Q: 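Below are the structure tokens for one structure; questions will follow.
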Amino acid sequence: PDYIYLVAVDDSDEAVGFLSCHGQQLLQHAGLVFEIQEMYVARHQRGSGVGKALIKELTLRMTKAGYKSLEVSARLTQTDAKKFFSRMGFVATHVKLVKGP
């Protein structure tokens with residue numbers, strides 16, 4: 001129940017979108033927090049509602065699990081992704097710091 005994988009298909013059963021999400025109990029949020037790990041919509045399907053449908057289905061499944069929040073990360077250069085998630089109701093509340101080897 002802590003892992004959700006969704007695949008969107010078009011009318012010809014071709015995969016046109018994918019989303020993977022992981023939920024975990026986090027002390028800093030005092031509850032079950034899901035994070036979108038990966039999300040992809042085929043370039044020719046962007047703007048057609050596929051991404052919105054994936055987020056809607058994900059939200060329905062998380063609601064049944066009793067989630068506290070949903071998070072997603074995007075690179076600073078992914079301006080289209082950040083605009084999409086903002087339209088879906090996501091708000092920038094944290095800064096993610098990353099350290100390499």
Side-chain angles (χ1 to χ4, degrees):
D2 295 338
Y3 293 90
I4 300 171
Y5 299 99
L6 302 173
V7 177
V9 296
D10 64 12
D11 293 335
S12 64
D13 279 342
E14 178 183 342
V16 294
F18 169 77
L19 184 147
S20 68
C21 189
H22 173 247
Q24 59 186 334
Q25 295 286 339
L26 294 176
L27 292 175
Q28 67 203 34
H29 294 286
L32 182 60
V33 177
F34 281 88
E35 181 178 7
I36 296 173
Q37 302 291 312
E38 298 175 318
M39 183 172 169
Y40 176 79
V41 174
R43 192 168 300 281
H44 70 282
Q45 288 286 337
R46 293 179 186 169
S48 70
V50 171
K52 184 176 182 178
L54 287 168
I55 296 295
K56 183 178 178 181
E57 178 62 25
L58 175 64
T59 303
L60 289 172
R61 292 179 186 217
M62 291 183 327
T63 299
K64 292 177 184 176
Y67 80 106
K68 183 84 173 178
S69 65
L70 172 61
E71 299 180 346
V72 65
S73 296
R75 274 184 262 129
L76 296 173
T77 58
Q78 292 178 301
T79 55
D80 288 343
K82 291 188 291 185
K83 287 177 188 175
F84 168 78
F85 286 113
S86 291
R87 286 193 309 270
M88 294 297 102
F90 288 77
V91 178
T93 61
H94 296 75
V95 172
K96 185 171 188 172
L97 305 171
V98 178
K99 182 178 186 299

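Computed over heavy atoms, backbone and side chain alike; hydrogens, waters and symmetry mates excluded. None of the values given here were measured: they were computed from a predicted structure.
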Q: For F84 and M39: C-alpha separation, side-chain torsions, deciding distance, then whether side-chain contact (heavy atoms from CB on, under 4.5 Å) applies.
A: CA-CA 12 Å; F84 168 78; M39 183 172 169; 3.7 Å; yes
Q: Would you compute the distance between atom CD1 of I55 and atom CZ of R87 and round it to the nearest 0.5 angstrom?
A: 11.5 Å
Q: Can you tell me how far apart CG (D80) and CZ (F85) are? Round to the nearest 0.5 Å.
A: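 Here the interatomic distance stands at 11.5 Å.
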Q: Could you give me the CA-CA distance, side-chain angles and deciding distance for F34 and L58, then say whether side-chain contact (heavy atoms from CB on, under 4.5 Å) is met?
A: CA-CA 10 Å; F34 281 88; L58 175 64; 5.5 Å; no
Q: Please give me the minimum heavy-atom distance between G17 and V50, naming the atom from each residue.
A: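 Between these two residues, the closest heavy atoms are CA-CG1, 4.2 Å.
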Q: Return the minimal non-hydrogen interatomic distance between L32 and G23, and the atom names on each side.
A: CD1-C, 3.9 Å
Q: Return the minimal non-hydrogen interatomic distance between F90 and E71, and the atom names on each side.
A: CE2-C, 4.3 Å
Q: At what distance, to the nearest 0.5 angstrom, does CG of L54 lie from CD1 of I4?
A: 12.0 Å
Q: Below 30° counts as parallel, above 60° as perpendicular, anything between as tilted: where do the rings of Y5 and F18 land?
A: parallel
Q: Are any non-hydrogen side-chain atoms of L70 and C21 less than 4.5 angstrom apart?
A: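 Yes, their side chains come closer than 4.5 Å.
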Q: Working to the nearest 0.5 angstrom, can you tell me the gap between Q78 CD and K83 NZ?
A: 13.0 Å
Q: Let me see the working for H22 and Q37 under side-chain contact (heavy atoms from CB on, under 4.5 Å), right down to the final yes or no.
A: CA-CA 7 Å; H22 173 247; Q37 302 291 312; 4.0 Å; yes
Q: Can you give me the closest heavy-atom contact between V41 and R46, atom names plus distance?
A: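 The answer is O-NE, 2.8 Å.
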Q: Taking all non-hydrogen atoms of both residues into account, name the closest pair between A74 and K82 and its distance.
A: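 Result for this residue pair: CB-CG, 3.9 Å.
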Q: To the nearest 0.5 Å, what is the distance between NE2 on H44 and CD on E14?
A: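 Here the rounded value is 5.0 Å.
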Q: Which ILVMFWY residues are connected to L26, directly or by a chain of links, through side-chain heavy atoms under 4.5 Å apart?
A: V33
Q: To the nearest 0.5 angstrom, please state how far the CG atom of L19 sits from the CD1 atom of I36.
A: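 Taking CG in L19 and CD1 in I36, the distance rounds to 5.0 Å.
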Q: What closest approach, in Å, do Q25 and G31 show between heavy atoms, and which atom pair accounts for it?
A: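 Heavy atoms of Q25 and G31 come nearest at OE1-C, 3.3 Å.
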